[in-house]
4 protein chains.
Amino acid sequence: MATRPASSAAADKRRLILDAAIRVFAARGFNNCRVSDIADEAGVAYGLVYHYFKSKDRLLDEAFLERWGLMLEVIEGARTDEALTAREKLTKVATFIVESYGREPEVMQVVIVEVTRQANTFGRRHWATIQDAHHQIARIVSDAQARGELRSELPAEVAGMVFYGAIEQVLTAWIFGLVPSGPDDRAAAVRDLVETIFGGLDAR
Amino acid sequence: MATRPASSAAADKRRLILDAAIRVFAARGFNNCRVSDIADEAGVAYGLVYHYFKSKDRLLDEAFLERWGLMLEVIEGARTDEALTAREKLTKVATFIVESYGREPEVMQVVIVEVTRQANTFGRRHWATIQDAHHQIARIVSDAQARGELRSELPAEVAGMVFYGAIEQVLTAWIFGLVPSGPDDRAAAVRDLVETIFGGLDAR
Amino acid sequence: MATRPASSAAADKRRLILDAAIRVFAARGFNNCRVSDIADEAGVAYGLVYHYFKSKDRLLDEAFLERWGLMLEVIEGARTDEALTAREKLTKVATFIVESYGREPEVMQVVIVEVTRQANTFGRRHWATIQDAHHQIARIVSDAQARGELRSELPAEVAGMVFYGAIEQVLTAWIFGLVPSGPDDRAAAVRDLVETIFGGLDAR
Amino acid sequence: MATRPASSAAADKRRLILDAAIRVFAARGFNNCRVSDIADEAGVAYGLVYHYFKSKDRLLDEAFLERWGLMLEVIEGARTDEALTAREKLTKVATFIVESYGREPEVMQVVIVEVTRQANTFGRRHWATIQDAHHQIARIVSDAQARGELRSELPAEVAGMVFYGAIEQVLTAWIFGLVPSGPDDRAAAVRDLVETIFGGLDAR
DNA sequence: AATGAATGAGAATTCATTCAT
DNA sequence: TATGAATGAATTCTCATTCAT
């Protein structure tokens, strides 16, 4: 079995199906696609999807958890990195999200559109996990406020919402295809967004 | 009211059904409810829903358009009111949205969760209308930049996204029931959100 | 109440609806039209159709019986007219049917397409009435055979079927719009059809 | 048959469903039966009907095309067989149709009652195919007229209509169950019908 | 592991008919 | 007589999931 045991081939098949599911969910939406669309996209037989995944829901759950987990690690890493200012930390977070979209737009689209915003289904099911990210972001702000680095009169939770909501809004514009999302556009978006939130709109 | 014409009774029934649909969509989600749930909620026979509305989709379309239309009027009104500063204009917009939620949380939930964020279905169908609001908000910023009232180095579109995305994020937290949304909470949310965006996070 | 009592106005309304139903049945088919189509075509309110007719079925029943009754009278009249030869009798019958189509194609279309050929619904319900016509036609033949006017070795029932089936086939071609059905075409059709059946195809 | 490939099992199921559909259409009429009746008659699950056929319409389309295709082959074969007289050719056609009914009355009933006579639905959809048969029959006549075998003063199209209309009328009587349709009855029907049309009704 | 046939519970929509006014 | 709102049973088609091979 050399260096690639049988289970690895299986793992590859599983991956193939999950990736196909993400593309299909992004293209048609979770509620508007059929499991057979996913099998077709993956080039496997209908039943094989059910061999690897218990249900259609599970495909979306896994796609979400995988990516959101990475994001949580990045946010936590940024938050606990004492060498960084709050602005640098949030820039790091924004950059990760935006570059994730740059590399694999379908994944981020699915995560945001099909999961985090679904108040009645997946969003609620994964709410604790989603909240985790929001809390960490708020904590980046509140820690900086405690150090006197950021204004203390603003509630950290609201600041976090402004920051995260702004990123989602930018991604939404990209997802809907209304605004270019090339490498330069992405870098500019991070820069402008951070500068807006940290510097404020008011002229000095 | 004694003189209400006969057509009003019909209009009332129609209204009754549309309102019931909004409540059901908010409670279960558009994709997880049945037309019979709406009929039951309205207390009318199944077929009457189809007497007044061509399809289930149309119910959501109408709910969205009605409310978004009001919002557009308010945004346009704020934008063109020369007596107001940009901060006052955006405060007005934020207040309208937030108070709409306060009065009729289901409508705003449906508008945001079931329509504006659905990249593959309703969101795309109504995209022009949705964009209209975003453009007007950006214009409030760019007009103020032209007058030297706001910093010119920030792109107005990004500023608009930060503003609108922040409001949606706040509403999302309320919709998911994670944060109290009483009258005081709403007023505070508007104040904090506006102050954050205009003043910026940075300590002076 | 002069010469037109109130009941006459009512009778007119009834007629109006029945005629509209015939047009709609012809244009869309009994199974593919709605009662509301009939009301619209007649220019009356939905419910009025039910004031004058017990059901949608009844409309078709009446349309059929009215016309088929006329046809039966003509066939019986021809059959019992001792001054006529069998060829003249059947020419009379064919002419009546064909000219009925000429004057009111919708009625004949409805009678044939929607009633007499519906083996599972109306055709079966009215079978006795339909058969009546077929029997009379066969009798025209058998009487002539008894008189030595027509060949006796052919069963009269088959001869009748050839005659009536031929007429229906001609009407079918007209109904489907494949063949012109102007006055001259109709006269020619009767002549050719009768000559074919009486004279036979064989060269002498 | 032991070597039948796996695909045959599927083809058999498909056949099973199509045959069941034909029986149900014949017994209740296309418009008066439900897809579940077909599934029940075939002894399969509801959904399997849709696994093999796109819609209820398609079942009827296929039943019609399959049988009408056979008939077209027979008619064409008869028409181009130079060893036969026109009378022999049309006898062949009539025999095929009548014996088709003898073997599988439901199929012929469905073909005629549910398709070729439906001016507003299936009849119109398949009109070109239906016409094909009529044209070939007319051509059998006109070819014979050109050879001096049949009277030339009669239009071949009318002769064709008389012939085909007569056959349909005979089948109709059988379908409605008004006339016995045993083997002898069928043979007699063909003989009488052909003799009537070729020899004519007139006594010599 | 892999296939795709088989299952059957939905769910939207239609529309004949009834009924209150 | 006239209106059209109200009713709800009926029916097609969909599609997630299971299962035999």
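Residue numbers start from 1 in every chain, and the chains themselves are labelled A, B, ... in the order their sequence lines are given, proteins ahead of strands. Excluded from the calculations below are hydrogen atoms, water molecules and symmetry mates; all remaining heavy atoms, backbone and side chain alike, are included.
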Completion exercise
note: Phe53(B), atom CZ; dA5(F), atom P; distance rounded to Å ~ 13 Å
Handout entry: G-U wobble or Watson-Crick pairing nucleotide for dA20(F) (cut-off 3.5 Å, both distances)
Key = dT3(E)
Handout entry: Phosphate OP1/OP2 of dT14(F): any Tyr50(D) side-chain N/O under 4.0 Å
Key = no
Exercise for the section: Calculate the interatomic distance between Arg28(B) atom CZ and dA11(E) atom P; express it in whole Å. Expected result: 11 Å
Problem - Phosphate OP1/OP2 of dA2(F) contacted by His51(C) side-chain N/O (<4.0 Å) - result: no
Handout entry: Protein-nucleotide distance (Asp40(C), atom CG; dT3(F), atom C1'), rounded to Å
Key = 13 Å
Handout entry: Value in whole Å for how far the C1' atom of dT17(F) lies from CG of Asp57(A)
Key = 12 Å
Exercise for the section: Assess Lys56(A) against Phe30(A): is NZ or CZ under 6.0 Å from the centre of the six-membered ring, and within 45 degrees of the ring's axis? Expected result: yes
Problem - Side chain of Ser55(A) (C-beta onward), nearest among dT17(F), dA16(F), dT17(E) - result: dT17(F)
Fill in the blank from the handout: Between CG of Leu60(B) and P of dA12(E) the distance, given in whole Å, is 13 Å
Practice task
For Gly47(C) and for Gly47(A), locate the closest nucleotide of DNA chain E by heavy-atom distance; then report the residue assigned to the nucleotide nearer the 5' terminus.
Solution key: Gly47(A)
Fill in the blank from the handout: Of Val49(A) and Val35(C), the one whose closest nucleotide on DNA chain E sits nearer the 5' end is Val49(A)
Handout entry: Six-ring centre of Tyr50(B), Arg58(B) cation under 6.0 angstrom, axis tolerance 45°
Key = no
Fill in the blank from the handout: Phe30(A) CZ to dC15(F) P, in whole Å, measures 13 Å
Practice task
Please determine if a side-chain N or O atom of Tyr46(D) lies less than 4.0 Å away from the OP1 or OP2 oxygen of dT11(F).
Solution key: no
Problem - Val44(B) side chain, from C-beta outward: closest of dA1(E), dT7(E), dT7(F) - result: dT7(F)
Problem - Length of the CG-P vector between Leu48(D) and dC19(F), whole Å - result: 16 Å
Problem - Non-hydrogen atoms of Phe176(D) and Gly123(C) that approach each other most closely - result: CE2-C, 3.6 Å
Handout entry: dA1(E) OP1/OP2 closer than 4.0 Å to side-chain N/O of Lys13(A)
Key = no
Exercise for the section: With side-chain hydrogen bond (donor to acceptor under 3.5 Å, both in side chains) as the test, would you mind laying out the steps for Thr172(D) and Arg117(D) before giving the verdict? Expected result: CA-CA 11 Å; Thr172(D) 299; Arg117(D) 291 173 168 183; 2.7 Å; yes
Practice task
Could you say whether Asn32(A) or Gly43(C) is positioned toward the 5' end of DNA chain F, judged by the nucleotide with the nearest heavy atom to each?
Solution key: Gly43(C)
Completion exercise
When rounded to whole Å, the CG to C1' distance for the pair Asn31(D) and dA16(E) reads 15 Å
Handout entry: side-chain N/O Lys56(D) vs dC13(F) OP1/OP2, d < 4.0 Å
Key = no
Handout entry: Nearest heavy-atom neighbours spanning Val24(A) and Glu41(A)
Key = CG2-CB, 3.7 Å
